[in-house]
Amino acid sequence: MSRKYLIAGNWKMNKTATETVDLIKEINSTVGSQTNVQVCVCPPFTSLAKASELVDQSEVLLGAQNMCAQPSGAYTGEISAEMLRDLYVSFVILGHSERRQFYGETNESVNKKVLAAVENNLKPIYCIGETLEEREAGQTLDIVRSQVREGLENFPANAIDSLVVAYEPVWAIGTGKTATDEMAQEVHADIRKVLVEMFGDSAASTVRILYGGSMKPENAAGLLSQPDVDGGLIGGASLTSRAFSGIVEAALAG
Ligand code: PEP
């Protein structure tokens, strides 16, 4: 099964709507017209409306960084799947380690968001990964397996090709430390094994598993050359078009 690479930029809490215009215009002009690698930008909510108009002029897709599991109502400060769809958002990052760490999200609460996203035709980018303590204690695969099982419980098999999983070792996020190519492949292959157990061989072979954690143009080619690494979720290096496009180019060459 050949899976198209997905390179997704997680801008986190960076870029005003005005700054968003400049960055997306640059990305549009560097890698926005190619179709061999899927490219997605995930700016803050406040930039989505502007971003939506700009990505309409290119092949770049739009993602959000979070979403409420509820469809509407008295949830002050929250954003629903329908609101994202209305802005032509395609992907939504869910369960990022910063949301787990600072906002109390758990496999169980993120599962509700994943199911709400897919019901509304949004493609979830479901984030998982171990902390440094967990890795040092030899618990990486156990942690990641339970994140997959619990976070993807009841995921509808007929929508499996919309699922994206992002393996992001917490110790590699924003730290400049990257998993080696072999470390990433070991965990990605194990994630796919769990997906096979949950959904069957052929469904699991359609799921893209992204690596995230200090990916940059210099290390992207090695990581992307691994058989179960189907793209990247990029934080810091997604904030300049030069670095982000460099990673897309590594994927195009891979
Ligand atoms: C992220 O937060 O999803 C991420 C991978 O960040 P960075 O690339 O900065 O490590």
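None of the values given here were measured: they were computed from a predicted structure. Order of listing sets the numbers, starting from 1, for every ligand and every atom in it. Every heavy atom of this structure was used, including side-chain atoms; hydrogens, water molecules and symmetry mates were not.
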Residues in the immediate environment of ligand 1 (any heavy atom closer than 4.0 angstrom): Asn10, Lys12, His96, Glu168, Ala172, Ile173, Gly174, Gly212, Gly213, Ser214, Leu233, Ile234, Gly235, Gly236

Please list all pairs meeting salt bridge (charged side-chain N to carboxylate O under 4.0 Å, His left out) that have one or both residues in residues 138-151, counting only residues at least two apart or in different chains. Asp142-Arg145, Arg145-Asp190, Arg149-Glu197

How does the hydrophobic cluster around Phe91 look, that is, which other residues are in it when side-chain heavy atoms under 4.5 Å mark a link? Leu6, Leu61, Ile93, Ile125, Val164, Leu210, Leu233

Test item: Val89 and Met67 side chains (from C-beta on) under 4.5 Å apart, heavy atoms: no

Cluster membership besides Met183, Ile/Leu/Val/Met/Phe/Trp/Tyr side chains within less than 4.5 angstrom, sorted by chain and number, is Leu132, Trp171

Assess, by modelled atom type and distance only, whether the side chains of Glu53 and Tyr88 contain a donor and an acceptor separated by less than 3.5 Å. no

Does either side chain, that of Asn107 or that of Gln147, offer a donor lying less than 3.5 Å from an acceptor on the other one? no

